[in-house]
Amino acid sequence: MATNRTFTMLKPDSLEKGNTGAILEKISASGFKIIAMKQTQMSKRDAETFYAIHSERPFFGDLVEYMTRGPIVAAILEKDNAVEDFRTLIGATNPEDAADGTIRKLYASSISENAVHGSDSDDNAAIEGSFHFSGREIF
Ligand code: IDP
Ligand code: MG
């Protein structure tokens, strides 16, 4: 059964470039309600755990380094059809392939430094949301 929640991170490059406000504005304007949010920094172990599915990929070491080099903004978002609609809003993994107007087209630098994370399934949205937030932090 589809749920109405997804999980996102504004990745370190977004914060470094000062894009936090613009990206959050676009998310809100696209109909997503922010029901949990924090600025935090992932440890190496956090990033290795969060991205464990990619541990055999050649870019894994670079991905962990990138995701831990500075603060992120983590958030849980609510909207009908949240997972699919948010993936549409962020665009393809590689910003060169991302549709015009998507967050990655507007704000990502490359396939590795691509501005935002979006959960790829309802199951992963729940797992990733509870990785970053306790029940008392979700409203
Ligand atoms: P997604 O973020 O669009 O779901 P995934 O395939 O799940 O893409 O990859 C997770 C993250 O790993 C990407 O967002 C990006 O930061 C990084 N990544 C994915 N593919 C590559 C690649 O081919 N080279 C370098 N980094 C990559
Ligand atoms: Mg993914």
Side-chain angles (χ1 to χ4, degrees):
M1 190 187 79
T3 64
N4 58 354
R5 287 184 181 181
T6 191
F7 171 78
T8 188
M9 294 183 286
L10 277 50
K11 298 183 177 183
D13 55 317
S14 292
L15 279 71
E16 289 160 6
K17 293 182 197 166
N19 289 334
T20 304
I23 294 172
L24 290 175
E25 171 58 26
K26 190 159 177 65
I27 290 170
S28 295
S30 301
F32 293 87
K33 182 181 173 199
I34 297 168
I35 61 168
M37 183 165 66
K38 71 172 115 185
Q39 184 160 317
T40 185
Q41 185 162 359
M42 296 174 98
S43 68
K44 187 163 183 276
R45 187 198 276 183
D46 288 336
E48 286 171 351
T49 304
F50 189 92
Y51 283 112
I53 194 167
H54 296 303
S55 62
E56 302 304 320
R57 307 282 286 276
F59 58 81
F60 185 65
D62 288 343
L63 176 60
V64 170
E65 186 151 332
Y66 158 51
M67 289 302 299
T68 58
R69 78 177 185 214
I72 61 162
V73 171
I76 299 175
L77 306 174
E78 201 166 75
K79 183 185 180 298
D80 288 348
N81 203 36
V83 166
E84 191 183 344
D85 286 1
F86 193 70
R87 293 292 302 203
T88 300
L89 177 64
I90 68 177
T93 307
N94 186 345
E96 287 180 16
D97 302 330
D100 285 346
T102 59
I103 291 174
R104 283 171 166 167
K105 185 70 166 193
L106 290 165
Y107 299 112
S109 319
S110 67
I111 190 169
S112 52
E113 303 209 2
N114 59 4
V116 285
H117 169 83
S119 304
D120 63 7
S121 67
D122 290 332
D123 284 351
N124 283 336
I127 292 166
E128 293 169 0
S130 44
F131 184 88
H132 281 278
F133 295 99
S134 69
R136 293 171 54 228
E137 297 174 299
I138 302 167
F139 297 91

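Not measured: the values here are computed from a predicted model. We count ligands from 1, going down the list as the structure has it; atoms in each ligand are counted the same way.
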Ligand 1 to [X] polar contact by distance, N or O atoms, under 3.5 Å:
| X | value |
| --- | --- |
| Asn114 | yes |
| Thr93 | yes |
| His54 | yes |

Nearest atoms (heavy-atom pairs only) where Asn114 meets Ala108: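 Shortest heavy-atom separation between Asn114 and Ala108 comes out as CA-CB, 3.4 Å.
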Nearest non-hydrogen partners of Thr68 and Gln41, listed with the distance: O-NE2, 2.8 Å
The one among [options] that brings a heavy atom closest to [atom]:
| atom | options | value |
| --- | --- | --- |
| atom 12 (O) of ligand 1 | Tyr66, Phe59, Tyr51 | Phe59 |
| atom 16 (O) of ligand 1 | Ala92, Ser112, Ala108 | Ser112 |
| atom 11 (C) of ligand 1 | Asp120, Asn94, Leu63 | Leu63 |

Parallel, tilted or perpendicular, as decided by the 30° and 60° cut-offs, for the rings of His117 and Phe50: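 Because their plane-to-plane angle is over 60°, the rings of Phe50 and His117 count as perpendicular.
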For Arg87, the ligand 1 atoms whose distance to one of its heavy atoms is below 4.0 Å: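 Heavy-atom distances to Arg87 below 4.0 Å select 1 (P), 3 (O), 4 (O).
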Under 4.0 Å to a heavy atom of Lys11 - the qualifying atoms of ligand 1, by number: 13 (C), 14 (O), 16 (O)
Ion pair check, Lys17 and Glu113, cut-off under 4.0 Å: no
Atom 23 (O) of ligand 1 [closest protein heavy-atom partner, distance rounded to 0.1 Å]: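 Residue, atom and distance for the closest contact: Ile111 CD1, 3.7 Å.
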Side-chain donor-acceptor contact under 3.5 Å, Ser43 with Asp46: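 Asp46 and Ser43 do have a side-chain donor-acceptor pair below 3.5 Å.
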Summary of side chain to side chain donor-acceptor pair (under 3.5 Å) pairs that have at least one residue in residues 130-139, sequence neighbours excluded: Lys38-Glu137, Ser134-Glu137
4.0 Å heavy-atom contact, Arg104 with ligand 1: yes
CD/Glu16: more than 12 non-hydrogen atoms of other groups inside 6.0 Å: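 Counting neighbours around CD of Glu16, more than 12 heavy atoms of other residues, nucleotides or ligands fall under 6.0 Å, so yes.
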